Amino acid sequence: MVVTRFAPSPTGELHVGGARTALFSWAFARGHGGRFIVRFEDTDQARSSTQSTRNILRDLTWLGIDWDEGPIYDPTGEKDPYDPANQRGEHGPYFQSQRLDIYRQYVQQLLDRGLAYRDGEAVRFRMDRDIAFEDQVFGPISVAAADLEDFVILKADGFPTFHLAVVVDDALMKVTHVIRGQEHLSNTPKHVALQDALGFPRPVYAHTPSIMNPDGSKMSKRDKARTARAAAKDKTLPIDAAPPEIREEIADFLDKKNDSMAVTQWIAKVLDLKLPEIDVADFRESGYLPQVLCNYVALLGWNPGNNIEKFDNTFLAQHFGLERVGKANARFDRDKLLAFNADAIANLPVEEFATLWIEHMKRRGGSPFLAKFDEATLRALAAVYQPRSRTLNDPEVLGAFFVADDESLAYDPKAVQKVLHKNEKAGIAVLGELRERLAGCEPWDGPTIHALLESFAKETGRGMGDVAQPLRVAVSGSTVSPPIQDTLAILGRNATLARIERCIRVNG
RNA sequence: GGCCCCGUCGUCUAGUGGUCUAGGACAUCGCCCUUUCACGGCGGUAACACGGGUUCAAAUCCCGUCGGGGUCACCA
């Protein structure tokens with residue numbers, strides 16, 4: 001029976017790299033009819049937090065990754081994941097901080113057999129042999145004893161180090177395949193040595209290459225701080241207006257002395273800065289679909305062959321194999337992710353896209369769209385913006401003019417010049433002629449408006465462009481909008497007429 | 001720096017000695033469609049890091065160089 005696990009340390013948000021590791025581990029277990037475990041390596045007392053634990057569980061769930069053993073995710077946030085009652089599985093508890101007694105037994109055993117020794121309050125394991133093992137991705141790996149040092153397995157605070165805990169837990173939880181990031185490749189000899197000393201079977205190891213930024217640097221949470229710092233460089237920040245609790249950190253932050261997330265977010269907010277997406281939560285906020293993130297991230301270092309690129313988690317589970325995992329690091333290409341997201345959005349049933357969009361706005365804490373339009377209008381907007389959206393944030397951005405105030409809409413000077421003023425203000429003339437007709441248009445819906453516009457164009461010897469463009473500028477302020485009849489239908493008769501009046505008044 | 005690992009279009013990759021005049025996707029460029037935008041359709045540009053071998057034959061095997069990454073913590 002195949003058993004895999006994802007074992008994050010709860011010290012922050014779930015990173016895309018971690019998401020990929022989790023996804024591969026999950027897919028491998030599911031594809032082999034095995035079990036998948038989520039376990040938390042919280043042996044770093046200072047940095048671990050319950051909030052981080054909850055967020056990681058939330059993000060795994062959002063991605064569509066489910067687990068057979070581990071803490072149960074509670075969306076309400078009321079249940080304490082550390083409570084054994086809120087954990088599922090026969091090999092728990094699933095927090096290393098709750099397994100201290102177990103680790104101590106093994107440390108004692110190693111001590112008794114002379115394979116480890118005390119070093120102050122800590123305990124070190126003796127590394128005195130050459131180590132060789134087979135990695136499913138990288139092939140045979142061997143390290144000479146001379147290149148290995150005795151390492152700490154029990155810290156002075158009584159907690160085991162990651163090395164000891166990971167080996168003991170994987171053995172006790174009957175893990176057969178360890179799929180993890182490449183950064184652990186050079187730790188593996190230590191783990192193998194420990195397994196041999198303790199008489200544990202060696203799991204199959206598979207290390208995945210890293211995910212890098214487009215410039216080749218490592219993709220890390222620090223990139224957000226770096227971006228904020230760079231943007232703040234030659235700007236004056238309203239430090240006095242910053243929340244009191246972060247005010248003192250700001251100077252140090254700008255001085256590269258800390259990478260405070262709170263300061264980073266504050267700078268992004270006051271500078272209206274877009275931070276790079278690094279964590280799974282960032283991608284959710286930016287309006288990416290979970291299945292697309294999974295799809296894209298799986299493609300970084302793995303592919304099913306045969307030129308298939310678009311697939312869901314079910315397909316991944318059926319086809320994923322360690323043989324096809326690449327060895328080279330991959331750069332994260334947001335353009336391709338965006339293209340995949342746009343494609344997935346375009347292929348969604350309209351109602352589903354509408355629902356996703358509305359929920360997305362609600363989750364992000366509201367939107368002028370939610371305040372201004374009723375459900376039916378929101379759904380009409382969704383239908384119109386679905387083919388134009390690459391993310392769930394796009395409708396609000398592209399359709400910002402819909403929620404503008406009728407009396408303060410801004411006009412793009414170039415659009416006014418080109419569409420309204422050219423040819424002795426032909427565009428303004430069109431608006432004037434159309435005003436009456438539109439006022440009498442009945443009913444006020446897309447097809448009727450379209451028919452009206454078409455016959456108007458024909459009667460007056462104009463092309464559709466001659467009539468649609470002036471209207472577009474009048475109601476949106478620019479030359480870009482969804483098809484004009486849809487735009488007007490959604491906007492409503494009153495707003496349409498008001499905007500036409502004002503446009504003639506202001507630009508005529 | 002020591003040790004380990006990696007190196008095909010700008011990016012992700014297919015490719016496991018001959019089927020490679022190197023395929024796909026994203027990006028990019030051009031054309032078409034068109035009431036704008038987006039979509040869509042068609043077409044183009046673009047890669048085997050470099051240098052030596054091995055072989056009848058190398059992107060595919062070997063060596064070296066260069067470039068990149070990881071790791072050297074009582075963090076994971």
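Letters go in sequence order (proteins before strands), and every chain restarts at 1. The structure displayed is predicted, hence computed values, not measured ones.
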Parallel, tilted or perpendicular: ring planes of A/Trp302 versus A/Phe320, cut at 30 and 60 degrees: tilted
Sugar-phosphate only, base, or nothing, as touched by A/Arg47 at under 4.0 Å among non-hydrogen atoms: base
Pair listing, ring-ring contact (aromatic ring centres under 6.0 Å, His included) test, anchored in residues 136-166 of chain A, at least two apart: A/Phe125-A/Phe151, A/Phe151-A/His163, A/Phe162-A/His184, A/Phe162-A/His191, A/His163-A/His191
Separation of the C1' atoms in B/U55 and B/C61, to the nearest angstrom: 10 Å
Sugar-phosphate, base or nothing in reach of A/Arg462, heavy atoms under 4.0 Å: nothing
Interface with RNA chain B, restricted to residues 161-172 of chain A and to heavy atoms under 4.0 Å: A/Phe162, A/His163
Separation between the C1' atoms of B/A76 and B/U71, rounded to whole Å: 13 Å
Spacing between A/Leu14 atom CG and B/A76 atom P, to the nearest angstrom: 18 Å
A/Asp215 and A/Arg331 ion-paired at < 4.0 Å: no
Sort me out a list of protein N/O and nucleotides 21-23 of chain B N/O pairs below 3.5 Å, or just none if empty.
from: B/G23; atom 1: N2; to: A/Asn307; atom 2: OD1; distance (Å): 3.4

Pair A/Arg502 + A/Asp406: basic N to acidic O under 4.0 Å: no
Any pair counted as salt bridge (Lys or Arg N to Asp or Glu O under 4.0 Å), so long as it reaches residues 91-100 of chain A, sequence neighbours left out: A/Arg99-A/Asp169
Counterpart residues, side-chain contact (heavy atoms from CB on, under 4.5 Å), relative to A/Thr11 (two or more places apart): A/Ser9, A/Arg47, A/Ser48
Plane angle bin for A/Phe332 and A/Phe283 - parallel if under 30°, tilted between 30 and 60°, otherwise perpendicular: tilted
Contact under 4.0 Å: A/Lys190 side-chain N or O vs B/C72 OP1/OP2: no
By side-chain contact (heavy atoms from CB on, under 4.5 Å) - contacts of A/Asn295 (at least two apart): A/Leu299, A/Lys310, A/Phe311, A/Phe340
Taking N or O atoms only and anything under 3.5 Å, show me the protein contacts with nucleotides 62-70 of chain B, one pair per line.
from: B/G69; atom 1: O2'; to: A/Asn329; atom 2: ND2; distance (Å): 3.1

For RNA chain B, the residues among residues 293-301 of chain A that have a non-hydrogen atom under 4.0 Å from it: A/Leu299, A/Leu300, A/Gly301
Complementary nucleotide of B/U28, counting Watson-Crick and G-U pairs under 3.5 Å: B/G44
Pairing residues for A/Ala342 by the side-chain contact (heavy atoms from CB on, under 4.5 Å) criterion, not counting sequence neighbours: A/Arg390
Shortest non-hydrogen contact from A/Pro71 toward A/Val38: CD-O, 3.5 Å
Sugar-phosphate, base or nothing in reach of A/Gln485, heavy atoms under 4.0 Å: base
Parallel, tilted or perpendicular: ring planes of A/His207 versus A/Tyr205, cut at 30 and 60 degrees: parallel
Sugar-phosphate only, base, or nothing, as touched by A/Ser389 at under 4.0 Å among non-hydrogen atoms: nothing
Selection: residues 336-346 of chain A, any non-hydrogen atom under 4.0 Å of RNA chain B: A/Lys336, A/Ala339, A/Phe340
For A/Phe40, the option from A/Tyr94, A/Phe95, A/Trp67, A/Phe6 that meets ring pair (Phe, Tyr, Trp, His ring centres under 6.0 Å): A/Phe95
Of A/Thr53, A/Asn55, A/Asp44, the residue whose pairing with A/Pro10 passes side chain to side chain contact (heavy atoms under 4.5 Å, CB included): A/Thr53
Selection residues 153-162 of chain A - residue pairs positive for side chain to side chain donor-acceptor pair (under 3.5 Å), sequence neighbours left out: A/Gln45-A/Asp157
Partner nucleotide, any strand, of B/U19 [Watson-Crick/G-U, under 3.5 Å]: none
C1'-based separation of B/A27 from B/A47 [nearest Å]: 15 Å
Rounded C1' spacing from B/C4 to B/C12 in Å: 25 Å
Sugar-phosphate only, base, or nothing, as touched by A/Pro483 at under 4.0 Å among non-hydrogen atoms: base
Please tabulate the protein-to-nucleotide N/O contacts below 3.5 Å involving nucleotides 49-51 of chain B, giving atom names and distances.
none

